[in-house]
Q: 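First, the structure itself, so that you have it in front of you.
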Amino acid sequence: MAPDPLRPKPFAKLEMIMARRRWAAIAVASGALLASSLCSPAYAGHDDSGFDPDNRNQAVKGFSLTAKGKSAMEWGKSQLERSVITTSWGGGDIEVHDYATRGVTWAGQTRCKDWNALFTSCDVLTIQFNTANSYDNWTWLVIGCHEFGHTGDLGHRSASNDTDNNSCMRSNTGSAYYKFDSHDISAIAAGT
């Protein structure tokens, strides 16, 4: 006797559940593979913890800066010039502001204002210097160098990977130097 095509198979529901699980596993694996292929590779030490600029030509513009904020911007820009990134004055790539932000511990911060379509690099970066605390001229240079380092895709360094204490990329301005060291410059070249 031939099987009745209208009668359900005894394991049809189980087979359907298993098929859905296989497709879900394939979808998850495909998504993970796609995500890993879009991530940029890690480079020297502390690179790829900042923001990857959209190109190696960056126009810098300050907005209503205090005198110390302006000197920090100028110093940070000059440090970025020591790397493979060329800077100019004008708008469009790195915007610099200073505000008094109370109740926080940071002296400066860098953010991406405008990501590119694939979220792989930043078209417009903003730097904010915090004027709520009183810093000496040396510390303003450190802060300027540090925040401009983030615009070159540098992350923070610690005593373990800055053993000669000559990088402005330490997370604490009190233990940081006022300029990029050769490791910082190499990391910018590798990551941009």
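By convention here, the first residue in the shown sequence is residue 1.
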Q: Are any side-chain N or O atoms of Glu81 and backbone N or O atoms of Thr87, one a donor and one an acceptor, separated by less than 3.5 Å?
A: yes

Q: Would you name the heavy atoms of Gly149 and Met169 that are closest together and state the gap between them?
A: CA-SD, 3.8 Å

Q: Which heavy atom in Leu154 sits nearest to a heavy atom in Ala187, and how many Å separate them?
A: CD2-CB, 3.6 Å

Q: Please test Glu74 against Trp89 for side-chain contact (heavy atoms from CB on, under 4.5 Å), starting from the C-alpha separation and ending with a verdict.
A: CA-CA 10 Å; Glu74 290 169 350; Trp89 294 110; 4.0 Å; yes

Q: Cluster question for you: counting only ILVMFWY and a side-chain heavy-atom cut-off of under 4.5 Å, with indirect links fine, are Val124 and Phe119 together?
A: no

Q: Just by modelled atom types, is the Cys122 backbone N or O under 3.5 Å from a matching donor or acceptor in the Asn116 side chain?
A: no

Q: Do Ile94 and Ile185 land in one hydrophobic cluster if side-chain heavy atoms of ILVMFWY residues count as linked below 4.5 Å?
A: yes

Q: Locate the shortest heavy-atom distance separating Phe180 from Ile188; write the atom from each residue and the value.
A: CE1-CD1, 4.0 Å

Q: Before you tell me yes or no, could you show the steps for Arg170 and His146 under side-chain contact (heavy atoms from CB on, under 4.5 Å), namely the whole-Å CA-CA distance, both residues' side-chain angles and the distance that decides it to 0.1 Å?
A: CA-CA 8 Å; Arg170 293 282 191 99; His146 181 95; 5.9 Å; no

Q: Would you please indicate if the ring centroids of Phe148 and His150 are separated by under 6.0 Å?
A: no

Q: Looking only at non-hydrogen atoms, find the nearest pair between Gln79 and Cys145 and report the distance.
A: CG-SG, 3.8 Å

Q: If you measure from CG on Asp153 to CG on Asp52, what distance do you get to the nearest 0.5 Å?
A: 4.5 Å

Q: How many angstroms lie between atom CZ of Phe51 and atom NZ of Lys113, to the nearest 0.5 angstrom?
A: 14.0 Å

Q: Please round to the nearest 0.5 Å and tell me the distance separating atom CZ of Phe129 and atom CD of Gln109.
A: 11.5 Å

Q: Do Leu125 and Trp115 belong together in a cluster built from hydrophobic side chains that touch within less than 4.5 Å?
A: yes

Q: Would you confirm whether Gln128, through its side chain, and Gly108, through its main-chain N or O, come within 3.5 Å as a donor-acceptor pair?
A: no

Q: Mind running side-chain contact (heavy atoms from CB on, under 4.5 Å) on Val96 and Leu65 for me, showing each step along the way?
A: CA-CA 8 Å; Val96 185; Leu65 295 171; 4.0 Å; yes

Q: With no hydrogens and no angle check, is any side-chain donor or acceptor of Asn130 less than 3.5 Å from a backbone partner on Ala107?
A: no

Q: Verify, without hydrogens or angle tests, whether Thr139 (side chain) and Tyr135 (backbone) share a donor-acceptor contact under 3.5 angstrom.
A: no

Q: Kindly indicate whether a cation-pi arrangement holds for Lys70 with Trp140, taking the cut-offs as under 6.0 Å to the six-membered ring centre and within 45° of the axis.
A: no

Q: With a 4.5 Å heavy-atom cut-off, do Cys168 and Lys179 have their side chains touching?
A: no

Q: Between Gln58 (side chain) and Asn55 (backbone), is there a donor-acceptor pair under 3.5 Å?
A: yes

Q: Between Thr131 and Asp98 (side chain of the first, backbone of the second, donor and acceptor by atom type, cut-off under 3.5 Å), is there such a pair?
A: no

Q: With side-chain hydrogen bond (donor to acceptor under 3.5 Å, both in side chains) as the test, pick out the partner of Ser167 among Asp184, Asp162, Asp181, Asn161.
A: Asp184

Q: Please write out which residues are connected to Val142 in a hydrophobic cluster, directly or through intermediates, given that two of Ile, Leu, Val, Met, Phe, Trp, Tyr count as joined at side-chain heavy-atom separations below 4.5 angstrom.
A: Trp75, Trp138, Leu141, Tyr177, Tyr178

Q: For Ala189, is there any backbone N or O sitting under 3.5 Å from a side-chain donor or acceptor partner on Arg56?
A: yes

Q: If only atom types and distance count, is the side chain of His97 paired as donor or acceptor with the main-chain N or O of Ile127 below 3.5 Å?
A: no

Q: Would Asp54 and Asp93 count as a side-chain contact (heavy atoms from CB on, under 4.5 Å) if you check the C-alpha gap in whole Å, the side-chain angles of each, and the deciding distance to 0.1 Å?
A: CA-CA 9 Å; Asp54 61 341; Asp93 297 308; 4.1 Å; yes

Q: Measure across Pro53 and Ser121 and return the closest heavy-atom pair with its distance rounded to 0.1 Å.
A: O-CB, 3.7 Å

Q: Could you tell me whether a side-chain N or O of Thr126 sits under 3.5 Å from a main-chain N or O of Glu95, the two making a donor and an acceptor?
A: no

